[in-house]
Enquirer: 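The structure follows.
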Amino acid sequence: MHVSFDPWSPAFVADPYPAYAALRAAGRAHWFEPTGQWLIPHHSDVSALLRDRRLGRTYLHRFSHEEFGRTPPPAAHEPFTTLNGQGILDLEAPDHPRIRRLISKAFTPRTVENLAPTVRRLAAGLVDAFVAQGGGDLLAEIAEPLPVAVIAEMLGVPEADRGLLRPWSAAICGMFELNPSPETAEAAVRASLDFSAYLRGLIAERRTDPGDDLISALIAAHDEGERLTEQEMISTCVLLLNAGHEATVNTTAGGWRTLFRHPEQLAALRADPALLPTAIEELLRYDTPLQMFERWVLDDIEIDGQVIRRGAEVALLFGSANRDPERFAHPDALDLSRTDNPHITFGAGIHFCLGAPLARLELAASFGELLRKAPALRMTAEPEWQPGYVIRGLKELRVEV
């Protein structure tokens, strides 16, 4: 059964969905020795466990490494461990609700609404330039620059410095893959040091000269005397960049690849732009940009008679859950008009993606601009997938208009 689940195989990375179907058919929880994790492939279980407080993104709020039966991370990884560990994605109560509450004061629906003209302006400029040159690498020239520019504008990162952000983010995100190599860890540590130093300087500037940006708002955010520490601000800004653009980048490029491979659906979308909102949700479901989300078992749980003990780790297979026939009618079919679409691409529970409305805004802007201004857009070469499995993305997407 596990032979087909091989997250280091290029063939599996290119198309993991048959392996997911085999896992779902074989049961609800599967021990996977190479990573020491329980694989959870069904939508109902993944959805429930995302909300289950017996699981957590960390265990250090309740146990030491030794008490939990885990080896502490290497001392050489400390810059990455500190940076990642102080972001809300990897925190639990009481720190997670405290920090999320403070961030939410600066990251309101009104903030996203006010960003809409900026997002549309940036998307229009990128697409205009892309169409004028006749096409190129859609990933490098539209998918990547748009969300990075939006997050940079939100944070108040000067335009001259924005080229630094994507390489730092890519190096740090390498650590979220399964069993990262020593070289990957070394690159993540360097990026953590450089990114932290850069943001420390930017925060110092905003303390003395606040602006109309998210960093200034985070400095000012408080609740009954509580404030974000400098490290929490740095970790929050890094998380906003990493989480705030990885899904958008990969859904943009991967979504267009999916559309090109389903010409009848692309034709329907071009004929009826009102389909775009449901189309975006379907593209997020059909080829999920984050394939796996890991949680620690803080108290024993049971799945279909299988007891999973405290100290274990579960791998919630988002990509499999979003193709589960028990929840989605004809899950392997792309249906841009699908309305019953409770995909879990943005997670659920207390760690539900804070930036989901912004991601949807960016996707609507870039897809809408390309549909209007490049109605004959077509793929000129079959793209290759990045080697990573957890974060699913293409190396490039060559197209012409």
Enquirer: Is atom CZ of Arg70 surrounded by more than 12 heavy atoms (other residues, nucleotides or ligands) closer than 6.0 Å?
Expert: yes

Enquirer: Who passes side-chain hydrogen bond (donor to acceptor under 3.5 Å, both in side chains) against Thr35, sequence neighbours left out?
Expert: Gln37

Enquirer: Quick one: does any side-chain atom of Glu232 pair with a main-chain N or O of Leu228 as donor and acceptor, under 3.5 Å?
Expert: no

Enquirer: Is there any side chain to side chain donor-acceptor pair (under 3.5 Å) pair reaching into residues 355-368, and which pairs are they, with sequence neighbours excluded?
Expert: Thr248-Glu362, Glu281-Arg360

Enquirer: With sequence neighbours excluded, what pairs up with Lys373 under the side-chain hydrogen bond (donor to acceptor under 3.5 Å, both in side chains) test?
Expert: Asp128, Glu369

Enquirer: To the nearest 0.5 Å, tell me how far Arg54 CZ sits from Glu302 CD.
Expert: 9.5 Å

Enquirer: Less than 4.5 Å apart, side chain to side chain, heavy atoms only: is that true for Leu266 and Leu371?
Expert: yes

Enquirer: Residues in side-chain hydrogen bond (donor to acceptor under 3.5 Å, both in side chains) with Glu205, at least two apart?
Expert: none

Enquirer: Short question: side chain of Asp45, backbone of Ile40 - any donor-acceptor pair under 3.5 Å?
Expert: no

Enquirer: To check you understand the geometry: which heavy-atom pair defines the closest contact between Thr58 and Leu298, and what is its length?
Expert: O-CD2, 3.7 Å

Enquirer: Would Arg200 and Glu230 pass as an ion pair if we require N to O under 4.0 Å?
Expert: yes

Enquirer: For Phe293, does the six-membered ring have the charged nitrogen or CZ of Arg57 within the cation-pi criterion, i.e. under 6.0 angstrom from the centroid and within 45° of the normal?
Expert: yes

Enquirer: What is the minimum heavy-atom distance between Ala19 and Ser4, and which atoms define it?
Expert: CB-O, 3.4 Å

Enquirer: Going by heavy atoms in the side chains, are Leu239 and Leu354 under 4.5 Å from each other?
Expert: no

Enquirer: Tell me the closest heavy-atom pair linking Val46 and Leu317, and the distance in Å.
Expert: CG2-N, 4.1 Å

Enquirer: Once side chain to side chain contact (heavy atoms under 4.5 Å, CB included) is applied, do any residues pair with Pro34, and if so which ones, sequence neighbours excluded?
Expert: Trp8, Phe32

Enquirer: Any non-hydrogen side-chain atom of Pro383 less than 4.5 Å from a side-chain atom of Arg398?
Expert: no

Enquirer: Can you tell whether the side chains of Glu282 and Arg285 come within less than 4.0 Å, N to carboxylate O?
Expert: yes

Enquirer: If the condition is side chain to side chain contact (heavy atoms under 4.5 Å, CB included), which residues does Thr184 pass it with, not counting sequence neighbours?
Expert: Met175, Pro180, Ser181

Enquirer: May I have the step-by-step check of ring pair (Phe, Tyr, Trp, His ring centres under 6.0 Å) for His30 and Phe5, ending in yes or no?
Expert: CA-CA 11 Å; His30 308 283; Phe5 186 85; 9.2 Å; no

Enquirer: Could you tell me whether the side chain of Ile172 reaches within less than 4.5 Å of the side chain of Val238, counting heavy atoms only?
Expert: yes

Enquirer: Rounded to the nearest 0.5 Å, what's the gap from CZ on Phe12 to CH2 on Trp385? Could you check?
Expert: 12.5 Å

Enquirer: Does a side-chain N-to-carboxylate-O contact under 4.0 Å join Glu144 and Arg166?
Expert: yes

Enquirer: Could Arg261 and Glu382 be called an ion pair, given the rule that one side-chain N must be under 4.0 Å from one carboxylate O?
Expert: yes

Enquirer: Looking at every non-hydrogen atom in both residues, tell me the closest pair between Ile99 and Thr236 and how far apart they are.
Expert: CG2-OG1, 4.2 Å

Enquirer: As a quick check of understanding, evaluate side chain to side chain donor-acceptor pair (under 3.5 Å) for Arg24 and Ser320, giving each step before the final call.
Expert: CA-CA 8 Å; Arg24 291 192 303 269; Ser320 175; 3.1 Å; yes

Enquirer: Looking at Asp95 and Arg98, is there a salt bridge between them, counting it only when a charged N and a carboxylate O are closer than 4.0 Å?
Expert: yes

Enquirer: Go through the steps for Asn242 and Ser169 under the test side chain to side chain donor-acceptor pair (under 3.5 Å), then give the verdict.
Expert: CA-CA 6 Å; Asn242 293 350; Ser169 176; 2.7 Å; yes

Enquirer: Using distance only, find each side-chain donor-acceptor pair of residues 71-80 under 3.5 Å and give its atom names and separation, not counting sequence neighbours.
Expert:
unit_1 : atom_1 : unit_2 : atom_2 : d
Glu78  : OE2    : Thr82  : OG1    : 2.4

Enquirer: Counting distance only, does the side-chain N/O of Gln265 pair as donor-acceptor with the main-chain N or O of Leu336 below 3.5 Å?
Expert: yes

Enquirer: For the pair Arg227 (side chain) and Ile219 (backbone), establish whether a donor and an acceptor sit closer than 3.5 Å, ignoring hydrogens and angles.
Expert: yes

Enquirer: Considering all heavy atoms of both residues, which atom of Cys237 and which atom of Leu218 are nearest to each other, and what is their separation?
Expert: SG-CD1, 4.1 Å

Enquirer: Got a sec: does the CG of Asn179 have more than 12 other heavy atoms crowding it under 6.0 Å?
Expert: yes

Enquirer: Could you check whether any side-chain N or O of Gln386 sits under 3.5 Å from a backbone N or O of Gly388, counting only pairs where one atom can act as donor and the other as acceptor?
Expert: no

Enquirer: With a 3.5 Å distance limit and no angle check, can you tell me whether Ser196 reaches the backbone of Leu193 through a side-chain donor-acceptor pair?
Expert: no

Enquirer: For Asp213, what residues pass the side chain to side chain contact (heavy atoms under 4.5 Å, CB included) criterion, not counting sequence neighbours?
Expert: Arg206, Ile215, Ser216

Enquirer: Partners of Arg51 by side-chain hydrogen bond (donor to acceptor under 3.5 Å, both in side chains), sequence neighbours excluded?
Expert: Ser47

Enquirer: Is there a side chain to side chain contact (heavy atoms under 4.5 Å, CB included) between Ile234 and Gln86? Walk through the geometry before answering.
Expert: CA-CA 9 Å; Ile234 290 169; Gln86 293 299 307; over 6 Å; no

Enquirer: Please determine if Arg53 and Glu92 form a salt bridge, counting it only when a charged side-chain N lies under 4.0 Å from a carboxylate O.
Expert: yes

Enquirer: Could you tell me whether the side chain of Arg338 and the main chain of Ala329 form a donor-acceptor pair under 3.5 Å?
Expert: yes

Enquirer: Check whether any side-chain heavy atom of Tyr20 lies under 4.5 Å from a side-chain heavy atom of Gln291, and answer yes or no.
Expert: yes

Enquirer: Decide, yes or no, whether a salt bridge links Arg309 with Asp299 under the criterion of side-chain N to carboxylate O below 4.0 Å.
Expert: no

Enquirer: Is a side-chain N or O of Glu67 found less than 3.5 angstrom from the main chain of Ser64, in a donor-acceptor match?
Expert: yes

Enquirer: What distance do Leu276 atom CG and Leu363 atom CG have between them, rounded to the nearest 0.5 Å?
Expert: 9.0 Å

Enquirer: Name all residues meeting the side chain to side chain contact (heavy atoms under 4.5 Å, CB included) criterion together with Thr258; count only those two or more places apart in sequence or in a different chain, and write none if there are none.
Expert: His262, Leu283, Tyr286, Asp287, Leu334

Enquirer: For residues 145-163, which side-chain donor-acceptor pairs fall under 3.5 Å, sequence neighbours excluded?
Expert:
unit_1 : atom_1 : unit_2 : atom_2 : d
Asp161 : OD2    : Tyr198 : OH     : 2.7
Arg162 : NE     : Val157 : O      : 3.0
Arg162 : NH2    : Val157 : O      : 3.1

Enquirer: Over all heavy atoms of both residues, which pair between Val390 and Glu177 is shortest? Give the atoms and the distance, please.
Expert: N-OE1, 2.8 Å

Enquirer: State the CG-CZ distance between Asn341 and Arg327, to the nearest 0.5 angstrom.
Expert: 8.5 Å

Enquirer: Output every pair passing ring-ring contact (aromatic ring centres under 6.0 Å, His included) with a member in residues 331-379, not counting sequence neighbours, ordered by first then second residue.
Expert: His96-His351, Trp256-Phe367

Enquirer: Is the backbone of Thr288 close enough, under 3.5 Å, to the side chain of Thr345 for a donor and an acceptor to pair up by distance?
Expert: no

Enquirer: Near Glu400 CD, under 6.0 Å, is it more than 12 heavy atoms from other residues, nucleotides or ligands?
Expert: yes

Enquirer: Tell me whether Glu384 contacts the main-chain N or O of Leu394 through its side chain, where contact means a donor paired with an acceptor under 3.5 Å.
Expert: no

